[in-house]
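Following: one structure in structure tokens, then a few remarks.
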Amino acid sequence: MYKQTCTNLLNLTPVEVTAWLNSFDAVISDCDGVLWVYGNAIGGSVDTMNQLKKMGKSIYFCTNNSTKTRAELLAKGVELGFQITEEGIISTAHATAEYLKHRNFNKCVYIIGSEGIAQELDAVGIRHTRVGPDVMQGNLGEFMAKHLKLDSNIGAVVVGFDEHFSFPKMTKAASYLSDPNCLFIATNTDERFPMPSFVVPGSGSFVNAIKTCAEREPFVIGKPNPAICESLIKHKKINPARTLMIGDRANTDILLGYNCGFQTLLVGTGIHHLCDVQRWKRSTNPEDKKLIPDVYLPKLGDLLPAIVNTMTHGSY
Ligand SMILES: [Mg+2]
């Protein structure tokens with residue numbers, strides 16, 4: 001329905017919105033920039049998601065944020081008022097651990113990342129290195145001669161968001177990856193976090209640094225790679241054609257929807273806006289065309305009156 005037209009739902013009649021609401025059974029929503037921002041719920045998002053659930057839709061939260069475990073994400077969602085369960089949380093830290101578990105990985109993981117990854121690996125019994133600071137000691141010569149020690153048990157390098165990213169970590173990761181049998185996994189490739197007056201590097205910045213140095217391409221777990229939704233589709237928990245992906249960032253959320261055959265909704269409360277979509281519509285690059293969502297709303301909460309209307313009047 002409205003395939004890659006970026007139709008503004010506010011311009012449709014109530015009957016048309018109801019038909020659209022009835023065209024999907026499952027909803028997968030990005031978190032930051034759609035449901036909440038800086039830890040606060042975005043106006044109307046809680047009621048909208050809870051009402052969609054009340055309508056009978058399966059609800060999933062899907063985040064590329066690798067710093068938190070599913071349990072932590074669940075606690076945050078519940079605290080803000082969302083009716084969600086741990087099975088409804090799709091996170092890159094958890095998906096990374098699951099990916100390694102399904103490969104019967106039995107070596108040790110070198111982590112460039114934070115606690116979320118470490119705890120999800122612990123939960124499936126996979127050994128890993130410690131997270132936190134690993135700072136440069138002395139000059140390069142001293143570091144190489146005295147301090148650089150490699151662990152022969154490492155069988156995978158996992159790169160996510162790491163606020164303690166450093167020269168020693170980069171050196172170790174690239175050295176481990178010089179063994180072609182060592183797996184190279186990136187939780188996600190989001191370039192940056194926009195803040196009001198700063199730019200904060202995202203996981204993608206660290207992944208690119210390691211990729212350049214290791215001269216290898218990582219396997220990316222997070223959006224837009226379908227790997228993050230693979231088990232939902234494989235276990236028939238969702239039917240892609242009747243699944244709606246909601247996001248604020250086109251090159252992760254909307255592209256995931258495109259890659260999985262989901263319907264897509266872009267909301268204007270985060271990274272990308274209508275002006276970006278106009279640019280992709282004009283572009284001659286076929287990759288840009290994949291970023292165009294089916295439908296658009298200024299914010300998720302704008303859907304609430306239409307849901308209440310549909311639930312009151314049925315399907316007309
Ligand atoms: Mg987002």
Side-chain angles (χ1 to χ4, degrees), residues 6 26-46 48-49 52 59-70 72-74 76-77 79-80 82 84 88-96 113-114 116 160-161 186-196 198-207 220-229 243-260 262-277 280 290-303:
C6 194
V27 176
I28 302 177
S29 181
D30 171 50
C31 299
D32 276 302
V34 177
L35 304 178
W36 58 69
V37 68
Y38 310 128
N40 299 313
I42 295 172
S45 67
V46 176
T48 303
M49 290 308 281
L52 283 167
I59 302 294
Y60 298 93
F61 288 6
C62 181
T63 175
N64 269 358
N65 181 342
S66 65
T67 63
K68 290 190 167 61
T69 60
R70 285 208 305 176
E72 286 169 324
L73 288 161
L74 174 69
K76 180 172 181 173
E79 182 195 317
L80 293 176
F82 292 98
I84 189 90
I89 309 269
I90 307 166
S91 86
T92 48
H94 176 254
T96 299
S114 43
F161 179 79
T187 59
N188 61 302
T189 53
D190 299 53
E191 297 87 356
R192 46 155 82 177
F193 295 107
M195 303 287 264
F198 309 101
V199 170
V200 177
S203 304
S205 304
F206 309 123
V207 171
V220 182
I221 296 281
K223 299 174 283 187
N225 191 323
I228 196 160
C229 288
T243 298
L244 176 72
M245 177 72 210
I246 308 173
D248 68 300
R249 187 196 282 263
N251 60 344
T252 51
D253 306 324
I254 304 303
L255 190 55
L256 173 78
Y258 177 92
N259 289 338
C260 293
F262 300 154
Q263 301 187 42
T264 54
L265 162 63
L266 177 74
V267 292
T269 43
I271 306 282
H272 288 127
H273 299 275
L274 276 184
C275 54
D276 299 302
V277 180
W280 301 323
K290 297 179 182 173
L291 305 178
I292 302 169
D294 301 347
V295 292
Y296 170 84
L297 274 176
K299 63 176 193 297
L300 185 58
D302 292 332
L303 200 54

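Just follow the structure's listing: the first ligand is 1, and inside any ligand the first atom is 1.
Partners of His272 according to the ring-ring contact (aromatic ring centres under 6.0 Å, His included) rule, which considers only residues two or more places apart in sequence or in another chain, are Trp280.
For the pair Cys229/Phe262, a side-chain contact is recorded, criterion being any heavy-atom separation below 4.5 Å from C-beta on. Taking 4.5 Å as the limit, some side-chain heavy atom of Leu300 sits within range of a side-chain heavy atom of Ile246. With a 4.5 Å cut-off on side-chain heavy atoms, Asn225 and Asn259 do not count as touching.
For the pair Asp190 and Arg249, the salt-bridge criterion is met [side-chain N within less than 4.0 Å of a carboxylate O].
The distance cut-off of 2.8 Å around the Mg ion (ligand 1) captures these protein N, O or S atoms, sorted by chain and number: Asp30 OD2, Asp32 O, Asp248 OD1.
In terms of heavy atoms, Gly160 sits closest to Thr187 at CA-OG1, 3.2 Å.
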